[in-house]
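Worksheet: one structure, shown below.
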There are 2 protein chains.
Amino acid sequence: MPKQVDHEERRRRIADAVCGLIDERGLEAATLRDVAARAEVSMGAVQRCFRTKDEMLRFALRHIGDRIADRVRARLLAGPAQSAASALGHAATELALLRAEHRAEARIWLAFVARAAVDPGLAELLRAGYAEPEDLLVRLLAEAGAPGARREARTLLALADGLTAHVLLGRLDAEEAGELLHAHLAALWARTA
Amino acid sequence: MPKQVDHEERRRRIADAVCGLIDERGLEAATLRDVAARAEVSMGAVQRCFRTKDEMLRFALRHIGDRIADRVRARLLAGPAQSAASALGHAATELALLRAEHRAEARIWLAFVARAAVDPGLAELLRAGYAEPEDLLVRLLAEAGAPGARREARTLLALADGLTAHVLLGRLDAEEAGELLHAHLAALWARTA
DNA sequence: GGCTTTCCGATGCGGCTGCATCGGTACCGG
DNA sequence: CCGGTACCGATGCAGCCGCATCGGAAAGCC
């Protein structure tokens with residue numbers, strides 16, 4: 001049993017490189033050569049970790065999806081959450097990736113969404129990634145007493161994604177997007193009461 | 001003055017080919033060769049019409065943007081619009097590209113949005129394309145007596161785009177997305193009254 | 001310490017990319 | 001009817017792509 005490497009660690013490192021390239025220059029800039037260079041491994045190593053480029057991209061997608069989901073979860077656990085309503089505000093803001101330091105994740109996610117529109121395999125992966133956040137929102141909404149929780153959760157998720165896209169386009173700044181999201185929730189609570 | 005061709009007609013024909021390819025296989029499938037083949041012209045002709053591939057893509061974006069805007073305008077003029085509220089429902093539904101026959105336009109638009117996230121030039125073009133629809137929504141909202149018309153218009157636009165994306169992902173079907181959009185508007189009217 | 005086994009980095013290959021070039025063709029004015 | 005010109009289609013070119021290959025380096029077992 002010679003020369004063992006931590007494959008998982010390497011995969012993650014490569015996934016980070018993929019994400020970095022997508023963030024800076026788009027999905028089509030994530031070529032095997034450039035990914036290898038950025039991850040500071042050889043092309044051969046990349047090919048060993050992932051049988052095909054497609055597999056690499058899928059892994060990167062799961063990678064970033066997990067990162068976002070983890071952060072949302074952490075945010076909810078960290079904040080004591082005085083009410084389900086305020087917890088929902090935090091969760092939604094987090095999901096919309098409005099903070100500047102998460103702009104990169106937003107760009108990456110958007111890139112995958114666009115490709116998923118013409119790649120059923122990716123679409124399925126993305127749908128899976130949305131399942132947990134949606135359930136989370138549904139739970140919080142139900143807890144806050146909002147009627148039609150599933151409906152509202154889906155609306156909220158779509159709104160969050162739309163706002164994210166518009167921020168990336170430079171049509172809205174993050175602050176304004178945050179206000180719009182907040183206003184939507186405020187209207188929801190007004191209706192609930 | 002020999003052999004004159006209608007350049008504008010040709011440009012439009014090429015733009016249609018570009019859009020077709022983007023719809024079916026994504027933005028990166030719009031190569032000069034494939035575009036030329038689909039438009040049934042030679043590669044040379046494409047290069048004559050557009051100095052660079054980038055210029056071709058920009059033209060295609062304006063092309064499809066105009067098509068959508070025209071349809072929304074036509075829809076409002078055609079329908080007698082009993083009220084500003086119902087006109088708004090129609091406009092928003094149209095903008096969200098929910099009807100199956102406009103799924104292609106939705107995919108194309110999403111592809112451009114994703115690229116715009118890493119291409120400032122495209123982003124500017126897209127922002128310009130959003131200006132008119134936003135103003136239209138603002139006008140209708142103001143006419144319907146909604147407070148904070150600009151705010152609501154932007155929220156509506158983001159929601160429409162988000163819903164479009166989720167329909168393309170297969171997370172929502174068009175019917176459900178329509179209902180969510182409608183519910184959002186209904187809540188808005190309830191608040192207005 | 002050699003041997004086997006696992007890993008990896010470099011290189012090669014066919015194919016595709018956007019773009020530049022250029023000879024031939026079809027047309028219009030005279 | 002013919003000269004000149006605007007056009008176009010084919011081809012060439014340099015570069016990049018994903019993937020396959022393979023010789024050699026590194027590490028545990030005997």
Side-chain angles (χ1 to χ4, degrees), chain A residues 1-61 111-112 114-115 118-119 121-122 125, chain B residues 1-61 111-112 114-116 118-119 121-122:
Chain A
M1 283 293 170
K3 195 159 178 178
Q4 292 290 12
V5 267
D6 185 343
H7 274 243
E8 275 318 305
E9 205 283 328
R10 191 181 286 267
R11 277 158 96 87
R12 264 177 278 126
R13 171 210 266 287
I14 291 172
D16 282 334
V18 171
C19 290
L21 284 171
I22 295 178
D23 168 39
E24 289 169 12
R25 302 193 282 121
L27 232 168
E28 66 275 20
T31 69
L32 292 188
R33 280 163 182 82
D34 290 358
V35 166
R38 186 183 252 255
E40 291 178 298
V41 299
S42 78
M43 241 178 82
V46 175
Q47 291 184 269
R48 181 156 317 278
C49 282
F50 304 103
R51 243 169 321 149
T52 137
K53 180 185 176 179
D54 207 68
E55 188 179 313
M56 178 182 78
L57 288 179
R58 286 158 187 273
F59 183 88
L61 173 53
F112 276 113
R115 172 154 302 191
V118 291
D119 179 340
L122 267 188
L125 230 62
Chain B
M1 281 294 170
K3 195 158 179 179
Q4 292 290 10
V5 273
D6 184 344
H7 275 245
E8 274 319 305
E9 204 283 328
R10 191 182 285 270
R11 280 171 158 245
R12 264 177 277 127
R13 169 209 268 287
I14 291 172
D16 282 334
V18 171
C19 290
L21 284 171
I22 295 178
D23 168 39
E24 289 168 12
R25 300 192 283 122
L27 232 167
E28 65 275 22
T31 69
L32 293 188
R33 281 165 182 78
D34 290 358
V35 166
R38 185 184 254 255
E40 292 178 295
V41 300
S42 77
M43 241 178 82
V46 176
Q47 292 183 270
R48 180 158 319 278
C49 282
F50 304 104
R51 243 169 320 152
T52 124
K53 179 184 176 179
D54 207 70
E55 189 179 311
M56 178 182 79
L57 289 179
R58 288 159 186 271
F59 183 87
L61 173 53
F112 277 113
R115 171 153 302 191
V118 291
D119 179 340
L122 266 190

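All chains are named by letter (A, B, ...) in the order of the sequence lines, taking the proteins before the strands, and each is independently numbered beginning at 1.
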Salt-bridge contact B:Arg12-B:Asp16 (side-chain N to carboxylate O under 4.0 Å):
no

Quick check against the 3.5 Å criterion: does B:Arg11 have a side-chain atom that pairs as donor or acceptor with the backbone of B:Cys49?
yes

Is the shortest side-chain heavy-atom distance between A:Leu57 and A:Leu27 below 4.5 Å?
yes

So for atom CD, which belongs to B:Glu40, do other residues, nucleotides or ligands contribute more than 12 heavy atoms lying within a distance under 6.0 Å?
no

Roughly how many Å is it from CG in A:Leu32 to P in C:dC16, rounded to a whole number?
17 Å

The complete set of ring-ring contact (aromatic ring centres under 6.0 Å, His included) pairs with one or both residues in residues 18-47 of chain A, sequence neighbours excluded, reads none

What closest approach, in Å, do A:Ala111 and B:Ala114 show between heavy atoms, and which atom pair accounts for it?
CA-CB, 4.3 Å

Where is the tightest heavy-atom contact between A:Ile22 and B:Val118, given as atom of each residue plus distance?
O-CG1, 3.9 Å

Scan residues 43-53 of chain B for pairs that pass salt bridge (Lys or Arg N to Asp or Glu O under 4.0 Å), counting only residues two or more places apart or in two chains.
B:Arg51-B:Glu55

I need the full list of ring-ring contact (aromatic ring centres under 6.0 Å, His included) pairs touching residues 16-50 of chain A, with sequence neighbours left out, sorted by first then second residue.
A:Phe50-A:Phe59

CZ/A:Arg13 to CZ/A:Arg38 distance, rounded to the nearest 0.5 angstrom?
12.0 Å

Sorted by number, the residues of residues 34-45 of chain A with heavy-atom contact under 4.0 Å to DNA chain C:
A:Ser42, A:Gly44, A:Ala45

I need the minimum non-hydrogen distance between A:Ala30 and A:Leu21, along with the two atoms involved.
CA-CD1, 4.3 Å

Closest to the side chain of B:His7, out of D:dG18, D:dC7, C:dT17, is D:dC7

Going by heavy atoms closer than 4.0 Å, what residues in residues 50-59 of chain B are next to DNA chain C?
B:Thr52, B:Lys53

Nearest to the side chain of B:Arg33, which nucleotide is it out of D:dC13, D:dC19, C:dC7?
D:dC13

Below 4.0 angstrom from OP1 or OP2 of C:dC7, is there any side-chain N or O of A:Arg48?
no

Name the residue closer to the 5' end of DNA chain D, choosing between A:Ala29 and A:Gln47 according to the nucleotide with the nearest heavy atom.
A:Ala29

Starting at atom CD of A:Glu28, determine the distance to atom P of C:dG18, rounded to an integer number of angstrom.
12 Å

Numerically ordered, the residues 8-26 of chain B set in heavy-atom contact under 4.0 Å with DNA chain D is B:Arg10

